[in-house]
Chemist: 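One structure, as structure tokens, below. Some questions next.
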Amino acid sequence: MYDVVIIGAGPGGYNAAIRAGQLGLKAAIIEKRDTKKLGGTCLNVGCIPSKALLHASELYEAALKNFDQLGIRTGGVSLDLKTMLSQKDDAVDGLTKGVEFLMKKNKVETVLGAGEIVAPGKVRVTAADGSTTELETRNIVIATGSEVTPLPGVEIDEKRIISSTGALDIPEVPGHLVIVGGGVIGLELGSVWRRLGAKVTVVEFLDRILPTMDGEVAKQFQRILKKQGVDFRLSAKVTSVATKKSGVAVTIEPAAGGASEAIEATHVLVAIGRRPYTVGLGLEAVGVATDKRGFIVTDRFRTNVKGVWAIGDCVHGPMLAHKAEDDGVACIELMAGKAGHVNYDAVPSVVYTYPEVASVGKTEEQLKEAGVAYKVGKFPFSANSRAKTNHETDGFVKILADAGSDLLLGCHIVGVGAGELIAEAVSVIEFGGSSEDIARTCHAHPTRSEAVRQAAMGVEGWTMQA
Ligand code: FAD
Ligand code: NAD
């Protein structure tokens, strides 16, 4: 009899498993991925491989376009795509093996196969060869993650019409990559292939990109991407994609309806979001409630069925690896009688492009809608000494604070290193701190973090260096 059986070994599941091991619970984790690799979407076909390609392609573009300006002569720079893709696979291999090690270290049993809840406290695992095992447990944690949302009428073949998974492994640089969806995946993977030489067109249904990010940040970021050569078709939808001998014909029309237009491309990436994945889990049989969109309904990770818990992408909240991880830790702590908790106002979100976009807390649009009186402080990287020295001046920092109490409500950054800079604002929000706490904290010089401080000073009107 296990204390807990976790279904799904992504960041939600494997971190829950580690915490269970640390707290002395007898735990097993089930994973059905046929590559037998733990780590879920994130390690296998998400965060890690995409960042490996973003890193390598960023260096490639810098070598092509920026080294000269720094006085670095390299001779001819050329792309070895095969090696770039295989170093990405090496990164994935290394990290997935790391998760295997962590399971052993924390005495968590790994069971390979598809898990199905046959009754509360009973999970059947069907292995790839069809054999089955039944595990008895006091608690079950569903951590089965998410899958690509399909675009009606457009069939993904992972060759010409691809999802993010196919976009991590295109064997030759696309001539013209059309991306459906101006969200995180479209902009990250679009950046990779544009840097490597593809023409990239982003077709976005709304009149803006990155709909969950602060509007001003998204606008400036779009301008920067445009300058880099990405073509945007906003307020537009893809109505059909036809595969041809040498590529695809993409038909788009205005989102509000109107005349259609054909775009010739070599590849189409469908990146219009992800949806919860709970296929074959037996939810209906045991009566676990889901909402209209298929998310498992939870209250502090508990489903409506006693002893069945759920975390990560298959429940509400941002579909992010670190959110899944925090869900996993808090869920196990509650199970073990501790005070597990996740502050969803302090979950950062980062787009790993060049420059990066990072955000935590409320956007200006959200504060306006909620009728919260707020103050804004802003600081451009063009006035930050480190950014200027490095010729990386695109972007700015924006701080939002409560007009009465000065409580830090949000921080939004577009700029090089934004993904690291945001951690300071996350900590301050977590501690219930104010914009003045940042403004009066000593920041090292010359660093980009000084831009965060200067923006915080701006909340009370005493920005000093712009
Ligand atoms: P998953 O990681 O999806 O793991 C669920 C696991 O459960 C899978 O391995 C699946 O095989 C397994 N499973 C499903 N059903 C069963 C079953 N019945 N039995 C056994 N096993 C089962 N997030 C970030 O925070 N930062 C990023 O940079 C980032 N980049 C991304 C890039 C891409 C291209 C994509 C697609 C996603 C990215 N994400 C990123 C999102 C991130 O990958 C997810 O939020 C995260 O993986 C969710 O974790 P999870 O544990 O809930 O689910
Ligand atoms: P997304 O929700 O970020 O963006 C989807 C975009 O597609 C939206 O802008 C939406 O308006 C648009 N859209 C929807 N239907 C459309 C249509 N028919 N035609 C044109 N546009 C349409 O989704 P995503 O980019 O697919 O990413 C999925 C999830 O994966 C994200 O929610 C994110 O949480 C996670 N992810 C995170 C990271 C990261 O943290 N860096 C990276 C990649 C993915």
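As the structure lists them, so they are numbered: ligands from 1, and atoms in each ligand from 1.
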Chemist: Is R33 in polar range of ligand 1, meaning some N or O pair under 3.5 Å apart?
Modeler: yes
Chemist: Sequence neighbours left out, what pairs pass ring-ring contact (aromatic ring centres under 6.0 Å, His included) with at least one residue falling in residues 297-324?
Modeler: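 Sorted pair list: F295-H316.
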Chemist: Should you measure from each heavy atom of G145, which atoms of ligand 1 turn up under 4.0 Å away?
Modeler: 1 (P), 3 (O), 5 (C), 52 (O), 53 (O)
Chemist: Does any N/O atom on E31 come nearer than 3.5 Å to any N/O atom on ligand 1?
Modeler: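 Yes, E31 has an N/O under 3.5 Å of an N/O on ligand 1.
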Chemist: With distance as the sole test, does E365 use its side chain to make a donor-acceptor pair with the main-chain N or O of G215 at under 3.5 Å?
Modeler: yes
Chemist: From E116 CD over to L283 CG, what is the distance, rounded to the nearest 0.5 angstrom?
Modeler: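 Interatomic distance, E116 CD to L283 CG, rounded to 0.5 Å: 10.0 Å.
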Chemist: Check for me whether V45 has a heavy atom closer than 4.0 Å to any atom of ligand 1.
Modeler: yes
Chemist: Would you please test R194 and E61 for salt bridge (charged side-chain N to carboxylate O under 4.0 Å, His left out) and show each step?
Modeler: CA-CA 9 Å; R194 183 204 55 73; E61 185 168 55; 2.8 Å; yes
Chemist: Has K122 got more than 12 heavy atoms of other residues, nucleotides or ligands less than 6.0 Å from its NZ?
Modeler: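 Not more than 12 within 6.0 Å, no.
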Chemist: So, R223 and D394, do they make that salt bridge, N to O below 4.0 Å?
Modeler: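 No, this pair does not count.
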Chemist: Provide the number and element of each atom of ligand 1 under 4.0 Å from a heavy atom of A324.
Modeler: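 Near A324, the atoms of ligand 1 are 49 (O), 52 (O).
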Chemist: For atom 5 (C) of ligand 1, which of the options A143, G8, G113 provides the nearest non-hydrogen atom?
Modeler: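 Ranked by closest heavy atom to atom 5 (C) of ligand 1, first place is A143.
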Chemist: Just which atoms of ligand 1 are under 4.0 Å from any heavy atom in S164?
Modeler: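 Contacts of ligand 1 toward S164, numbered from 1: 34 (C), 36 (C).
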Chemist: Please list the nearest protein heavy atom to atom 51 (O) of ligand 1 with its residue and the distance rounded to 0.1 Å.
Modeler: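 The answer is G12 N, 2.9 Å.
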Chemist: Which atoms of ligand 1 are found less than 4.0 Å from any heavy atom of K51?
Modeler: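 This gives 27 (C), 28 (O), 29 (C), 30 (N) as the contact atoms.
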Chemist: Test side-chain contact (heavy atoms from CB on, under 4.5 Å) on I30 and L135 and set out the steps.
Modeler: CA-CA 10 Å; I30 305 171; L135 308 180; 4.0 Å; yes
Chemist: Looking at ligand 1, is there an atom of it that comes within less than 4.0 Å of some heavy atom belonging to R274?
Modeler: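 Yes.
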Chemist: Scan residues 204-222 for pairs that pass side-chain hydrogen bond (donor to acceptor under 3.5 Å, both in side chains), counting only residues two or more places apart or in two chains.
Modeler: D214-K398, E216-K378, E216-K398
Chemist: Taking both backbone and side-chain atoms of T41, is any N or O found less than 3.5 Å from an N or O belonging to ligand 1?
Modeler: yes
Chemist: So, is A321 polar-close to ligand 1, with some N/O to N/O distance under 3.5 Å?
Modeler: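 Checking ligand 1 against A321, an N or O pair does fall under 3.5 Å apart.
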Chemist: Step by step, would you call H412 with T363 a side chain to side chain donor-acceptor pair (under 3.5 Å)?
Modeler: CA-CA 8 Å; H412 308 279; T363 64; 5.8 Å; no
Chemist: Go through the steps for D3 and R138 under the test salt bridge (charged side-chain N to carboxylate O under 4.0 Å, His left out), then give the verdict.
Modeler: CA-CA 5 Å; D3 291 312; R138 291 185 182 85; 2.8 Å; yes
Chemist: Kindly give the heavy-atom pair with the smallest separation between G175 and T266, and that separation in Å.
Modeler: N-OG1, 3.1 Å
Chemist: Note the single closest protein heavy atom to atom 33 (C) of ligand 1, along with its residue, its atom name and the distance in Å.
Modeler: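 Looking only at protein heavy atoms, the one closest to atom 33 (C) of ligand 1 is G46 CA, 3.3 Å.
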Chemist: Starting from atom 41 (C) of ligand 1, locate the nearest protein heavy atom and write down its residue, its atom name and how far away it is, to 0.1 Å.
Modeler: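 Of every protein heavy atom, M319 O, 3.6 Å lies nearest to atom 41 (C) of ligand 1.
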Chemist: Go through the steps to decide whether V308 and I142 satisfy the test side-chain contact (heavy atoms from CB on, under 4.5 Å), and finish with yes or no.
Modeler: CA-CA 7 Å; V308 181; I142 303 172; 3.8 Å; yes
Chemist: Please determine if G39 has a nitrogen or oxygen closer than 3.5 Å to a nitrogen or oxygen of ligand 1.
Modeler: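 In fact, backbone or side chain, G39 has no N or O that close.
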Chemist: Of all the atoms in ligand 1, which lie at a distance below 4.0 Å from a heavy atom belonging to S146?
Modeler: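 The list of qualifying atoms is 3 (O).
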Chemist: May I have the step-by-step check of side-chain contact (heavy atoms from CB on, under 4.5 Å) for H341 and R300, ending in yes or no?
Modeler: CA-CA 8 Å; H341 173 71; R300 305 194 81 202; 4.2 Å; yes
Chemist: Identify, by atom number and element, the atoms of ligand 1 in contact range of S50, meaning under 4.0 Å from any of its heavy atoms.
Modeler: 32 (C)
Chemist: Which of the atoms of ligand 1 are close to D313, meaning less than 4.0 Å from one of its heavy atoms?
Modeler: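 Taking each heavy atom of D313 in turn, ligand 1 has 44 (C), 45 (O), 46 (C), 48 (C), 52 (O) under 4.0 Å.
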Chemist: Closest by any non-hydrogen atom to atom 38 (C) of ligand 1: pick that one out of G282, C47, G13.
Modeler: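 Of the listed residues, C47 has the closest heavy atom.
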Chemist: Among all the protein's non-hydrogen atoms, which is closest to atom 4 (O) of ligand 1, and how far away is it?
Modeler: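 For atom 4 (O) of ligand 1, the nearest protein heavy atom comes out as G10 CA, 3.4 Å.
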Chemist: Can V141 and M335 be said to form a side-chain contact (heavy atoms from CB on, under 4.5 Å), step by step?
Modeler: CA-CA 10 Å; V141 177; M335 196 181 283; 3.6 Å; yes
Chemist: Has E420 got more than 12 heavy atoms of other residues, nucleotides or ligands less than 6.0 Å from its CD?
Modeler: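 Incorrect, the count does not exceed 12.
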Chemist: Which of the listed options, V125, L189, T144, holds the heavy atom that is closest to atom 14 (C) of ligand 1?
Modeler: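 Ranked by closest heavy atom to atom 14 (C) of ligand 1, first place is T144.
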Chemist: Taking only residues at least two apart or on different chains, which pairs with a member in residues 324-337 satisfy side-chain hydrogen bond (donor to acceptor under 3.5 Å, both in side chains)?
Modeler: R19-E333, K323-D327, D327-Y344
Chemist: Return the closest protein heavy atom for atom 22 (C) of ligand 1 as residue, atom name and distance.
Modeler: K32 CG, 3.6 Å
Chemist: Between P174 and A198, what is the shortest heavy-atom contact and its length?
Modeler: O-CB, 3.1 Å
Chemist: Using heavy-atom distances only, which candidate in G40, G115, P11 approaches atom 50 (P) of ligand 1 most closely?
Modeler: P11
Chemist: Under 4.0 Å from a heavy atom of Y277: which atoms of ligand 1 are those, numbered in the order shown and with their elements?
Modeler: 14 (C), 15 (N)
Chemist: Got the residues with a heavy atom under 4.0 Å of ligand 2, by chain and number?
Modeler: K51, L151, V180, G181, G182, G183, V184, I185, E188, V203, E204, F205, L206, P211, A271, I272, G273, R274, M319, L320, V350, Y352
Chemist: Would one find an N or O of H322, backbone or side chain, under 3.5 Å from an N or O of ligand 1?
Modeler: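 N/O-N/O distance under 3.5 Å: yes.
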Chemist: Does the pair E188/K51 count as a salt bridge with the N-to-O cut at 4.0 Å?
Modeler: yes
